[in-house]
Amino acid sequence: MAISKKRNVASQGSDAFTGITLKKPAKYAAGLTAVKVVLQHTFKEMGVVKSLSTLSHMNQKEGFDCPGCAWPDPEKPSKLGEYCENGAKALSEEATNQRVDVDFFSKYSVEELSRWTDYQIGKSGRLTAPMVLRPGSIYYEPISWEAAFELISKELHALDSPDEGIFYTSGRSSNEAAFLYGLFVRAFGTNNMPDCSNMCHESSGVALNETLGIGKGSVKLEDFDKAEVVMVIGQNPGTNHPRMLSALQKCKENGGKVITINPLEEAGLVRFKNPQEIKGVFAGGEAITDIHLQVKINQDVALLKSIIKKLAAIEKKDGGVFDHSFIEAYTEGYDALLADIENYSEEDLIKRTGIDEATIDEVVALLAAKNKIIICWAMGLTQHKNGVSNIKECVNLLLLKGSLGKEGAGTCPVRGHSNVQGDRTVGIMHYVSKELNTAIKKTYGFTPPEEKGLDTVHAIKAMHEGKAKVFIALGGNFVSAVSDTEYTSEALQNCSLTVQVSTKLNRSHLITGETALILPTLGRSELDKKDGKARFFTVENSMGKVHQSKGLLPPASKNLKSEPEIIGGIADAYFNGKHQVDWKNLSQNYEMLRASMEQVFEGFKDINTKSKGTGFYLPNNVRELDFSKLPNGKAQFSCNLLPEHTLQDDDFILMSIRSHDQFNTTIYGLNDRYRGVFNERRVLFMNENDIKKEDLRKWKWLT
Ligand SMILES: Nc1nc2c(c(=O)[nH]1)N[C@H]1C(S)=C(S)[C@@H](COP(=O)(O)OP(=O)(O)OC[C@H]3O[C@@H](n4cnc5c(=O)[nH]c(N)nc54)[C@H](O)[C@@H]3O)O[C@H]1N2
Ligand SMILES: Nc1nc2c(c(=O)[nH]1)N[C@H]1C(S)=C(S)[C@@H](COP(=O)(O)OP(=O)(O)OC[C@H]3O[C@@H](n4cnc5c(=O)[nH]c(N)nc54)[C@H](O)[C@@H]3O)O[C@H]1N2
Ligand SMILES: [Mo]
């Protein structure tokens, strides 16, 4: 196969530095500056009138769900607006007035565009028409929707096996779109459904499933009002889930304590000025963290073990620390856990964490006395090699304290993309769910494949080795989101066809297979009309609540289709009327689609009516303390190993973090205001002591 390497030479864009300036890191998050930044950003991208009228509909009952993160909305949204600085930035990225039209593509070749920075590419605007990049060509050209669907159908039919197809999903798709997509992929005959979760909260899903029998968290938003202690581990809510700070604020107002565990003292975790309150705008803000544990990178297992060991010692001496009636009734493995912890030296554990013992003792004293504990976490725990152990160790602590299945307590993996949890619920996964397959067979009359499919890493490998040839992405920016950009570029360029269903131009449109398609779709904020009637779709937030989302803006172009319509178009062309499922109808009639999803998912009963208003919670066995699906019907304690790092004296462990001005691969701007970095994104932070030790200040750029 001819690989068109020459047309996309640069997989990283320009490497030129943009001129960094540094200031002191911020001491608080949000406040008046956040309000100013919101307005600057949205006015610039969307204009004043459109900004103000659209923002007031975001996260409101009759409005649309924020395209940013998956943090839930309160029952009574704030009248001043229920959004944060970064949600507003996510909206203005989508609702920008800039357009990437057909002329744009005839002006700039793929090769030229691939030399642009991600920031420039993203700022070019919304995609407006289906485009095709034909073999040997360096320019995208327009194509009709029908021809695009036919082209995909032809390539899929040409594969030797359905397993040569890869069907990626990002986490922005609605439940309806994701379900239909998964249904089509299964009808096509493969489980090759890598998704952005593989790079994100996969380890949470695995750890929670194995220990508690559900891959999701157990807390509801109201639990934050009642919690005595909230632990925020490996998470930076000030930037990534700013509305969570309001929940932490409320917890504190009700007498709760917040413990943060993070190698960095993130601005939002120190103080918070709630921009939705007058006092938040004008006063000094509220302290959020009561105790901060500045743990060394990837030493959370050591830290949690040291805490558990110290709690066990108090329990042995005085009693009253662990919840024995809970442990007895609902758990398995307590004795093994206590025996295992004996194998570790307290001194060694504490040394690994890099934290002074007195601070750990403060945390232990607090935890010993309280039993309504919430543990929140995100990428600082999940994205390590030993991510599963990190999370299982959090579960151990909650089980010991009986902090599950009651008010003010539980697990809280804070999700990323605004519907990443919903996508999983409705069947986006590379592994096989027997339950789902049985329900699909019963409802639609075909048997889904029973072989496990490829996750992100294995899908890349398969494309690289020529074992997979067609790559279709429902949203996202695959090439920039996965870790090894060069290897992945080669893998994608090995494909005969790559297809991107997208709202905005990104690098994955420029690093392509022999033929490539861009299929532009409606954004969440846009009006989705059929026969003059507005349609809504549903999403699931980070706490398992399903609710409707209805856009209001005129679509970026008349030539856009909704995601379900695009999937229906592909499926219809592929099966050409020879399949049990009525793809066309199902993809256009969302009520019918939802009614059919009701048959497949137990918790979706009456979804068409129940999803209106504030929505409904899906079943959650942890909330009910029902562990019947686990071995012996019990929640599982686990014994986890410490991560081993073999470091030389001058070796360092690195971690990755998001800057304040980005959403995954989307670059909102070049600043990281809270951390005091301006005009440059490629920044390496280092502990001052390490810099001194290595005498790195001699380097000019570190002044
Ligand atoms: N504005 C904005 N919002 C977003 C996103 C975005 O990119 N921009 N992305 C969305 C998505 S998809 C996701 S998954 C979430 C991500 O939300 P977060 O997980 O909050 O995002 P990160 O920036 O990866 O933050 C990781 C945090 O973990 C800390 N950390 C790193 N290593 C360790 C460690 O070993 N131990 C501990 N205890 N902490 C550690 C870092 O210092 C950092 O504060 O945000 C979602 N929301
Ligand atoms: N460099 C880098 N890599 C990362 C991360 C990071 O922060 N930086 N974060 C990691 C994490 S935690 C995650 S979850 C993954 C995320 O991986 P992805 O989900 O693949 O990446 P995103 O950057 O969120 O995708 C952005 C693109 O999604 C498209 N898009 C936006 N909204 C919609 C929509 O409504 N429908 C459709 N069809 N398309 C839409 C736009 O074209 C936009 O360019 O990346 C991981 N990898
Ligand atoms: Mo994520």
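We count ligands from 1, going down the list as the structure has it; atoms in each ligand are counted the same way. As the structure is a prediction and not an experimental result, all values here were calculated from the model.
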Does any N or O atom in His509 lie less than 3.5 angstrom from one in ligand 2, N or O only?
-> no
Contact check: Val501 vs ligand 2, nitrogen or oxygen atoms, below 3.5 angstrom = yes
Ligand 2 to Ser502, heavy atom cutoff 4.0 Å, flagged ligand atoms 39 (N), 42 (O)
Check each atom of ligand 2 against the heavy atoms of Tyr168 and keep those under 4.0 Å away; list them by number with element.
-> 17 (O), 18 (P), 19 (O), 20 (O)
Quick one: which ligand 2 atoms are inside 4.0 Å of a heavy atom on Thr521?
-> 36 (N), 37 (C), 38 (N)
Please identify each residue that fulfils ring-ring contact (aromatic ring centres under 6.0 Å, His included) with His509, with sequence neighbours left out.
-> none
Side chain or backbone of Ser173 under 4.0 Å from ligand 2, or both, or neither, by non-hydrogen atoms?
-> neither
Could you list the atoms of ligand 2 found under 4.0 angstrom from a heavy atom of Asn506?
-> 27 (C), 42 (O), 43 (C), 44 (O)
Matching residue for Asp73 among Asn541, Leu221, Asp65 - test: side chain to side chain contact (heavy atoms under 4.5 Å, CB included) | Asp65
Glu85 and His660 side chains, donor-acceptor separation under 3.5 Å | yes
Below 6.0 angstrom between ring centroids: does that apply to Phe663 and His417?
-> yes
Contacts of Ser92 that satisfy side chain to side chain donor-acceptor pair (under 3.5 Å) - sequence neighbours left out = none
If you measure every N/O of Leu474 against every N/O of ligand 2, is any gap under 3.5 Å?
-> no
Could you tell me how the ring of Phe478 sits relative to the ring of Tyr168: parallel (under 30°), tilted (30 to 60°) or perpendicular (over 60°)?
-> perpendicular
Any nitrogen or oxygen of Lys504, main chain or side chain, under 3.5 Å from a nitrogen or oxygen of ligand 2?
-> yes
Check each atom of ligand 2 against the heavy atoms of Ser480 and keep those under 4.0 Å away; list them by number with element.
-> 1 (N), 2 (C), 3 (N)
State the atoms of ligand 2, each with its element, that fall below the 4.0 Å cut-off from a heavy-atom position in Gly475.
-> 37 (C), 38 (N), 39 (N)
Residue pair Glu176 / Thr538, side-chain donor-acceptor N/O under 3.5 Å = yes
Rounded to the nearest 0.5 Å, the CG atom of Leu349 sits from the OG atom of Ser306 at a distance of 6.0 Å
Which one holds for Thr503 and ligand 2: side chain close, backbone close, both close, or neither close, with close meaning a heavy atom under 4.0 Å?
-> both
State, without any angle test, whether Tyr590 and Ser562 hold a side-chain donor-acceptor pair at a distance under 3.5 Å.
-> yes
Report the residues that fulfil salt bridge (charged side-chain N to carboxylate O under 4.0 Å, His left out) with Lys216, sequence neighbours left out, ordered by chain and then residue number.
-> Glu540
Any N or O on Glu563 sitting closer than 3.5 Å to an N or O of ligand 2?
-> yes
Those protein residues which place at least one heavy atom below 4.0 Å from ligand 1 = Cys69, Asn86, Cys200, Ile233, Gly234, Gln235, Asn236, Thr239, Asn240, His241, Ile261, Asn262, Pro263, Leu264, Glu266, Val295, Ile297, Asn298, Asp300, Ala378, Met379, Gly380, His384, Gly416, His417, Met655, Ile657, Arg658, Gln662, Phe663, Asn664
Do any N or O atoms from the side chain of Asn262 and from the backbone of Glu265 form a donor-acceptor pair under 3.5 angstrom?
-> no
In this structure, which one of Glu565, Glu563, Glu526 forms a salt bridge (charged side-chain N to carboxylate O under 4.0 Å, His left out) with Arg535?
-> Glu565
